[in-house]
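This report refers to the structure that appears directly beneath it.
Below, chains carry the letters A, B, ... as their sequence lines are ordered, and counting in each starts from 1. Values below: every heavy atom of this structure, side chains too, minus hydrogens, waters and symmetry copies.
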Amino acid sequence: QVQLVESGGGLVKPGGSLSLSCAASGFTFSDYSMTWIRQAPAKGLEYISYISNTGSGSTIYYADSVKGRFTISRDNAKNSLYLQMNSLRAEDTAVYYCARYIAARGRSFDYWGQGALVTVSS
Amino acid sequence: DIQMTQSPSSLSASVGDRVTITCRASQSISDYLNWYQQKPGKAPKLLIYAASSLRSGVPSRFCGSGSGTDFTLTISSLQPEDFATYYCQQGYSTPYTFGQGTKLEIK
């Protein structure tokens, strides 16, 4: 079955860096576009980054809130998705989810990881 | 950015009730509207995609409708496991945006 498992969350000081990983299994990872979506404590959901599947070239998207600070990447050989987060701010505190993107189904996110908590605090 | 507004923000209902949650987009999004269910401490789960298509494995008591700017999620007969927070999400244009959520609580 499809499984997405995030790792790498933790506590970091403002201005610091953190890298998240998402290990995928149960599907052909290289066939799918992937995303990162975050949820601040007791808040709603924010779509922050997207990377296309291999067949679509390397289309990447960032929300304005993270552009220039976060970098999404993938390693199809390792079935893994990554998010490098630099210059972290208190407002980046959130649970970060990796999610599989399905364009053909309303451009929805059909499988999600369990989430990785990132806390930015001094 | 397209703004998604859900109503109500919270809702109290009883097992067996029929409930409807509304989602309104700030501009037409055709049928690029998806619904998710989230329980405390868990990741969201996709229920409905493309406004009215039921994801495989989701109970048929969940029903989505609408197009353009106005959409609804209806649960025909609430079950205990349905008490959760529901989010709509537009897939019409990036940044894909979510509604603020509707918390469905037990009366």
Take B:Leu46 and A:Phe109 through the test side-chain contact (heavy atoms from CB on, under 4.5 Å) and record every step on the way to the result. CA-CA 7 Å; B:Leu46 177 66; A:Phe109 311 106; over 6 Å; no
Under 4.5 Å between side-chain heavy atoms, counting indirect links through other Ile/Leu/Val/Met/Phe/Trp/Tyr residues: same cluster for [X] and [Y] or not?
| X | Y | result |
| --- | --- | --- |
| B:Tyr86 | B:Met4 | yes |
| A:Leu83 | A:Val118 | yes |
| A:Leu45 | B:Tyr92 | no |
| A:Tyr101 | A:Leu81 | no |
| A:Tyr32 | A:Tyr47 | no |

Note, [X] side chain near [Y] side chain (heavy atom, < 4.5 Å):
| X | Y | result |
| --- | --- | --- |
| A:Ile102 | B:Tyr49 | no |
| A:Arg107 | B:Tyr96 | yes |
| A:Ser108 | B:Tyr36 | yes |

Check this for me: [X], atom [atom1], are more than 12 non-hydrogen atoms of other residues, nucleotides or ligands nearer than 6.0 Å?
| X | atom1 | result |
| --- | --- | --- |
| B:Lys103 | NZ | no |
| A:Arg69 | CZ | yes |
| A:Tyr82 | OH | yes |

How close do B:Ala43 and A:Gly113 get, heavy atom to heavy atom, and via which atoms?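 Residues B:Ala43 and A:Gly113, closest heavy atoms: CB-O, 3.1 Å.
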Side chain from CB out, backbone as N, CA, C, O: work out which of these in A:Ile37 comes under 4.5 Å of a heavy atom of chain B, or both, or neither.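 For A:Ile37, the contact with chain B is made by the side chain alone.
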Under 4.5 Å from any heavy atom of chain B - which part of A:Tyr61: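 The answer is the side chain of A:Tyr61.
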To the nearest 0.5 Å, tell me how far B:Tyr87 OH sits from A:Gln39 CD.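 Here the rounded value is 4.5 Å.
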Quick check on the interface: out of B:Pro44, B:Ser53, B:Gly99, B:Ser30, who has the most heavy-atom pairs with chain A under 4.5 Å?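 Going by pairs under 4.5 Å, I would pick B:Pro44.
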Kindly indicate whether a cation-pi arrangement holds for B:Arg55 with A:Tyr111, taking the cut-offs as under 6.0 Å to the six-membered ring centre and within 45° of the axis.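 Judged by the rule, B:Arg55 and A:Tyr111 form a cation-pi pair.
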Only heavy atoms, only distances under 4.5 angstrom. Which residues in residues 56-81 of chain B are near chain A?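 Residues qualifying by a heavy atom under 4.5 Å from chain A are absent, so none.
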Give, as side chain, backbone, both or neither, the part of B:Gln38 having an atom under 4.5 angstrom from any heavy atom of chain A.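 The side chain, not the backbone.
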